[in-house]
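Each remark here refers to the structure printed beneath this line.
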Amino acid sequence: MLQIKDIRKQYHTGDLVQQALDGVSLEFRDNEFVAILGPSGSGKTTLLNIIGGLDRYDTGDLIINGVSTKKYKDRDWDAYRNHSIGFVFQSYNLITHQSILANVELALTLSGVPRSERRERATKMLDKVGLGNQIHKKPNQLSGGQMQRVAIARALVNDPDILLADEPTGALDTQTGIQVMELLKEVAEDRLVIMVTHNPELAEQYATRIIRVKDGRLLSDSRPLTEAERAQCAAEV
Ligand code: ADP
Ligand code: MG
């Protein structure tokens, strides 16, 4: 189980102090599709980045399978990011001058998978997202929806427990957005998916749980863990 406890995070820019997160606590099931909704500037990206180990909390704790990250060193964060987390961004973040196969293979290189395995695993994953016949194309030869599917393949190729997606359909038209949501829904069948979105309709339609945030705080949670679930998680650790 993934757990965050009373997380606070400030950003300092010159004299300005911005309280991005102001005491957020949440527990996530190993397998659910969570949508995080909230106005711009409410702390959604900060929350996702902290959960994914891309950014650090000031105070509070992120607890991974019962283990606090308070004493994590850089190499622990690296291992967590490389092996447990997949990340999908609104702007895809693909390397434009390399083939989509090379883009997906790179994720495997970073996590230390031997060369001999990389090509096969990357090809299989691109096949799974419906791009098996385009692996030698470069990102600029694809549509937005296809680029996002490459990004999802890249995020999944290391078989992470958790997929984090920050407004993954934000740059897509409605129909393409729906295709990406269908894919994420499938991904969420056997792992934890946490998705930030601006779009309440997509959240209602696809997510199994909706969390609303505002001004760095939790406003509502449609499906918090029950006492029984909490007890079970504690027993498993
Ligand atoms: P959201 O994703 O909900 O739009 P963010 O998490 O990006 O919100 O931002 C929350 C608040 O923290 C905003 O006020 C934003 O301006 C501020 N913030 C986010 N990242 C930074 C940063 N790197 N430096 C300074 N301020 C930041
Ligand atoms: Mg954001």
Side-chain angles (χ1 to χ4, degrees), residues 2-28 32-64 69 72 74 77-78 80-81 85-94 144-145 147-148 151-152 154-155 160 162-174 176-178 180-181 183-184 187-188 192-207 209-224:
L2 190 72
Q3 217 177 337
I4 58 172
K5 256 194 183 159
D6 200 23
I7 291 272
R8 286 167 210 273
K9 172 76 179 177
Q10 287 185 340
Y11 291 108
H12 299 256
T13 13
D15 289 339
L16 183 73
V17 178
Q18 193 75 47
Q19 189 77 38
L21 293 176
D22 195 11
V24 177
S25 299
L26 280 167
E27 293 157 315
F28 298 99
E32 60 179 343
F33 191 171
V34 182
I36 299 180
L37 283 171
S40 183
S42 56
K44 305 182 298 298
T45 294
T46 305
L47 180 62
L48 213 59
N49 287 348
I50 286 176
I51 289 172
L54 294 180
D55 203 348
R56 302 285 172 272
Y57 50 83
D58 295 333
T59 62
D61 202 358
L62 167 69
I63 300 163
I64 303 164
T69 56
Y72 260 35
D74 282 348
W77 286 116
D78 286 344
Y80 172 61
R81 270 197 313 272
I85 299 286
F87 232 106
V88 175
F89 305 89
Q90 176 176 348
S91 50
Y92 326 121
N93 289 11
L94 301 174
M147 283 195 272
Q148 196 56 298
I152 292 170
R154 179 185 57 186
I162 304 167
L163 183 76
L164 303 175
D166 195 353
E167 309 208 22
T169 64
L172 303 175
D173 61 75
T174 308
T176 314
I178 287 172
V180 166
M181 292 302 300
L183 180 57
L184 290 178
V187 170
L192 169 61
V193 175
I194 308 176
M195 171 187 73
V196 164
T197 177
H198 256 105
N199 188 326
E201 289 85 32
L202 284 185
E204 296 282 353
Q205 193 174 348
Y206 290 96
R209 177 179 177 188
I210 298 180
I211 290 169
R212 288 172 197 271
V213 295
K214 197 182 171 201
D215 299 331
R217 294 197 184 150
L218 219 64
L219 270 190
S220 66
D221 181 349
S222 73
R223 199 167 164 249

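Positions are given from 1 along the sequence. Remember, it's 1-based here, ligands and their atoms both numbered in the order they're listed.
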#### Entry: Heteroatom N/O/S of Thr46 within less than 2.8 Å of the Mg ion (ligand 2)
no
### Summary
Per-atom filter on ligand 1: closer than 4.0 angstrom to a heavy atom of Ser42 are 1 (P), 3 (O), 8 (O)
### Spatial distance of atom CE (Met181) from atom OG1 (Thr176) [nearest 0.5 Å]
13.5 Å
### Message
Please determine whether side chain to side chain contact (heavy atoms under 4.5 Å, CB included) holds for the pair Arg56 and Trp77, giving the CA-CA distance in whole Å, both sets of side-chain angles, and the decisive distance to 0.1 Å.
### Response
CA-CA 10 Å; Arg56 302 285 172 272; Trp77 286 116; 3.3 Å; yes
### Message
In this structure, does ligand 1 have an atom that sits under 4.0 Å from one of the heavy atoms of Pro39?
### Response
yes
### Task
Decide if atom CZ of Arg81 counts as having more than 12 heavy atoms of other residues, nucleotides or ligands within a radius under 6.0 Å.
yes
### Query
Among protein heavy atoms, which lies nearest atom 3 (O) of ligand 1, and at what distance?
Lys44 NZ, 2.8 Å
### Task
Only heavy atoms count here, so choose which of Leu37, Thr46, Asp215, Thr13 is nearest to atom 6 (O) of ligand 1.
Thr46
### Task
Applying side chain to side chain contact (heavy atoms under 4.5 Å, CB included), run through Asp221 and Leu26 and close with a yes or a no.
CA-CA 9 Å; Asp221 181 349; Leu26 280 167; 3.8 Å; yes
### Task
Considering heavy atoms of the protein only, find what lies nearest to atom 25 (C) of ligand 1 and give residue, atom and distance to 0.1 Å.
Tyr11 CB, 3.3 Å
### Task
Determine, stepwise, if the pair Phe28 / Ile211 fulfils side chain to side chain contact (heavy atoms under 4.5 Å, CB included).
CA-CA 11 Å; Phe28 298 99; Ile211 290 169; 4.1 Å; yes
### Message
Please list the nearest protein heavy atom to atom 8 (O) of ligand 1 with its residue and the distance rounded to 0.1 Å.
### Response
Gly43 N, 3.2 Å
### Query
Is there a donor-acceptor contact under 3.5 Å from the side chain of Lys44 to the main chain of Pro39?
yes
### Task
Would you mind finding which of Gly216, Gly14, Gly41, Ser40 brings a heavy atom closest to atom 11 (C) of ligand 1?
Gly41
### Identity and separation of the nearest protein heavy atom to atom 12 (O) of ligand 1
Ala20 CB, 3.5 Å
## Note on the structure
Residue, atom and distance of the protein heavy atom nearest atom 7 (O) of ligand 1 read Thr45 CB, 3.7 Å
### Message
Please determine whether any non-hydrogen atom of Gly38 lies less than 4.0 Å from an atom of ligand 1.
### Response
no
### Summary
min-distance protein heavy atom vs atom 17 (C) of ligand 1 -> Gln18 CG, 3.7 Å
### Interatomic distance, Leu62 atom CG to Thr69 atom OG1 [nearest 0.5 angstrom]
4.0 Å
### Task
Could you tell me whether Arg217 and Asp22 have a side-chain N and a carboxylate O separated by less than 4.0 Å?
yes
